[in-house]
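First comes the structure, then the notes that go with it.
Residue numbers run from 1 in the order of the sequence given. Remember, predicted model here, so these are calculated numbers, not experimental data.
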Amino acid sequence: MTEALVATMPEIMDGKSSSNTAGKPIRCRAAIARKPQEPLVIEEVIVAAPKPREVRIKIICTSLCHSDINYWKLERPPAIFPRILGHEAIGVVESIGEGVHEVVEGDSVIPMFLPDCGECADCLSKKSNLCSKYPFHCTPWVGRDETSRFTDINGETLYHFLHVSSFTEYTVVEIARVIKVDPAIPANRACLLSCGVSTGVGAAWKAANVEIGTTVAIFGLGAIGLAVAEGARLCGAKRIIGIDVNQDKFEIGKKFGVTDFVNPRNIGDKTVSQVIIEMTDGGADYCFECVGLTSLVHEAYDASRKGWGKTVMLGVDQPESMLTLSSFGLLEGGKSLTGSLFGGLKPKSDIPVLIKRYMDKELQLDLFVTHEVEFDDINKAFDLLLEGKSLRCVIWMKK
């Protein structure tokens, strides 16, 4: 486990902006995925100036998420290469495009895959975090004009990833996907809040609204599942049951509040849902599917308590995967099943809350960072995650 660095964003940047490069292309280094499942290649690239309502960000550090791995592995659409992956990051505003007034050069910011325009009906409502002005989709472009801000030194277009593309020293992001944050938070902790940790904590806090004294069952104790446990702990859940085929995950999970553990390989002929129902005398109040398997969504739903059980789906299965539920069982059971993107969090209002809870020593971000590497060693981060040795590996552009 790495120790948290105390260097804050102002210390890293020394308070300097980059107005001399504003409005001009920047030449920098990026880690490019040129072919699926092949090591990333660090090359020099050209990053265009931001267009209206866009921000160019100098990335300080980034972290590797399973979504990066999944898209790196893909060999069919929505896969597209060459591409600059990465979407968990923190950086400093280098320059802004026309019409940007929310941030200025030198501001510490977190780029987000999920937009929060603050203007549409969805963003103004407490009921949704799905912006209708900038609908979420896995485009290889930035901006509504569907163009790239990246080219290699030969002029070839490099594609974006999840509107962020943080495996580069500079990137361009729409202002609706940029959050100004307190520069006092260590950069190697703030970057985790762009996706996985926030998704899990938010799922317990916002999507499920876990109540004090309740029972939670979490299917899959990867980083997101552990973040759900952390969120449930913060919400005051009395019992948190972790389900995973890796027995070692129980000891790890205990640090995040997991009280009980079920290994599907050690329960004989019973299903996981049967075991959970027996353990809880009727089913868990809240169930979370954090792997991305349709079969586990069914198990999680079956494991939730009749009458008020709530199941939240966080894992991403194949696009063609289908759920099949009994219509009578749905009616009779009185349970609910919902999907949740980014845990139901509204990025621009909820991420600052999580930052404060970390700074107040409530949210255990430090425990998620198991490794840190320099940018030149980014492929080591991939190896660690693929080998199951890492929760989150932070990648420093320059230490």
Side-chain angles (χ1 to χ4, degrees), residues 50-51 53-55 57 62-63 65-72 74 77-80 83-89 102 109-149 159-167 171-179 191-203 205-208 223-224 227 288-290 292 297 312-321 323 337-351 354:
K51 292 187 177 182
R53 300 295 291 162
E54 294 178 354
V55 178
I57 301 168
T62 181
S63 49
C65 174
H66 262 291
S67 295
D68 300 306
I69 296 284
N70 291 339
Y71 276 82
W72 170 73
L74 279 179
I80 190 168
R83 193 173 212 170
I84 299 177
L85 297 168
H87 62 288
E88 293 188 346
E102 295 88 342
V109 294
I110 293 178
M112 295 295 309
F113 75 93
L114 193 69
D116 187 352
C117 75
E119 299 173 353
C120 70
D122 294 272
C123 288
L124 292 174
S125 170
K126 294 181 180 180
K127 299 178 181 179
S128 172
N129 67 343
L130 303 178
C131 178
S132 51
K133 186 176 181 180
Y134 299 91
F136 174 77
H137 58 288
C138 298
T139 175
W141 311 110
V142 66
R144 285 176 289 179
D145 63 351
E146 297 193 339
T147 56
S148 175
R149 305 293 174 268
Y159 298 105
H160 291 252
F161 180 61
L162 290 181
H163 307 274
V164 175
S165 290
S166 58
F167 294 167
T171 190
V172 175
V173 182
E174 295 167 299
I175 187 59
R177 306 174 193 273
V178 175
I179 306 169
C191 63
L192 273 61
L193 297 175
S194 290
C195 183
V197 173
S198 295
T199 295
V201 173
W205 170 32
K206 290 283 187 174
I224 289 181
F288 298 85
E289 196 284 328
C290 305
V297 176
V312 180
M313 185 177 70
L314 299 171
V316 181
D317 204 343
Q318 297 298 318
E320 63 272 15
S321 298
L323 291 171
L337 169 64
T338 183
S340 181
L341 194 61
F342 198 53
L345 295 182
K346 286 181 174 294
K348 294 192 178 181
S349 56
D350 291 330
I351 294 304
L354 295 184

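- Rounding to the nearest 0.5 angstrom, the gap separating the CG atom in L114 from the CG atom in L162 is 10.5 Å.
- Residues H137 and P135 come closest through the heavy atom pair ND1-O, 3.1 Å.
- Counting heavy atoms from C-beta outward, I224 and H66 have side chains that stay 4.5 Å or more apart.
- S321 pairs by the side-chain hydrogen bond (donor to acceptor under 3.5 Å, both in side chains) definition with D317, not counting sequence neighbours.
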- request: Check step by step if side chain to side chain contact (heavy atoms under 4.5 Å, CB included) holds for D68 and H87.
  value: CA-CA 8 Å; D68 300 306; H87 62 288; 3.0 Å; yes
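- Under the rule for a salt bridge (charged side-chain N to carboxylate O under 4.0 Å, His left out), the partners of K206 that lie at least two apart in sequence or sit in another chain are D350.
- Two residues are said to be in side-chain contact when any heavy atoms from C-beta on lie closer than 4.5 Å; S67 and V316 fail this criterion.
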Q: Using the side chain to side chain contact (heavy atoms under 4.5 Å, CB included) rule, take L85 and S165 through it: C-alpha gap first, then chi angles, then the decisive distance, then the call.
A: CA-CA 5 Å; L85 297 168; S165 290; over 6 Å; no
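- The minimum heavy-atom distance between H160 and V172, with the atom names listed, is CE1-O, 4.2 Å.
- K348 and E102 are not joined by a salt bridge, as no carboxylate oxygen comes within less than 4.0 angstrom of a charged side-chain nitrogen.
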Listing, residues 117-124 side-chain donor-acceptor contacts under 3.5 Å, not counting sequence neighbours, or none:
{"from": "E119", "atom 1": "OE1", "to": "K133", "atom 2": "NZ", "distance (Å)": "2.6"}
{"from": "D122", "atom 1": "OD1", "to": "S128", "atom 2": "OG", "distance (Å)": "3.4"}
{"from": "D122", "atom 1": "OD2", "to": "S132", "atom 2": "OG", "distance (Å)": "3.1"}

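- Here I110 contributes atom CD1 and C191 contributes atom SG; the two are 8.5 Å apart, rounded to the nearest 0.5 Å.
- To the nearest 0.5 Å, atoms CG (D116) and CD1 (I175) are separated by 11.0 Å.
- Take R177 and apply the salt bridge (charged side-chain N to carboxylate O under 4.0 Å, His left out) test, not counting sequence neighbours, and it matches E174.
- Nearest heavy atoms, P347 versus I179: O-CD1, 3.4 Å.
- The nearest pair of heavy atoms linking L193 to V197 is CD2-CG1, 4.5 Å.
- T338 places a side-chain heavy atom less than 4.5 Å from the side chain of V312.
- Taking 4.5 Å as the limit, some side-chain heavy atom of S148 sits within range of a side-chain heavy atom of W141.
- Looking at E88 and S166, their side chains never come closer than 4.5 Å, going by heavy atoms from C-beta outward.
- Rounding to the nearest 0.5 Å gives a distance of 12.5 Å between CD1 of I80 and CZ of F161.
- The shortest distance between side-chain heavy atoms of I57 and P111 falls below 4.5 Å.
- Applying the side chain to side chain contact (heavy atoms under 4.5 Å, CB included) rule to L323 yields the partners T294, V297, H298, L337; only residues at least two apart in sequence or on another chain are considered.
- Applying the ring-ring contact (aromatic ring centres under 6.0 Å, His included) test to residues at least two apart or on different chains, the pairs with a partner in residues 110-133 are F113-F136, F113-F342.
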### Step-by-step side chain to side chain contact (heavy atoms under 4.5 Å, CB included) determination, L354 to L345
CA-CA 10 Å; L354 295 184; L345 295 182; 3.9 Å; yes
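- Between P78 and Y71, the shortest heavy-atom distance links the atoms CG-CE2, 3.7 Å.
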Please report the C-alpha distance between S194 and V164 in whole Å, then the side-chain angles of each, then the deciding distance to 0.1 Å, and finally whether the side chain to side chain contact (heavy atoms under 4.5 Å, CB included) criterion is met.
CA-CA 10 Å; S194 290; V164 175; over 6 Å; no
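- Once rounded to the nearest 0.5 Å, the distance linking OG1 of T171 with NE2 of H163 reads 12.0 Å.
- Residues Y134 and P115 approach most closely at O-CG, 3.0 Å, considering heavy atoms.
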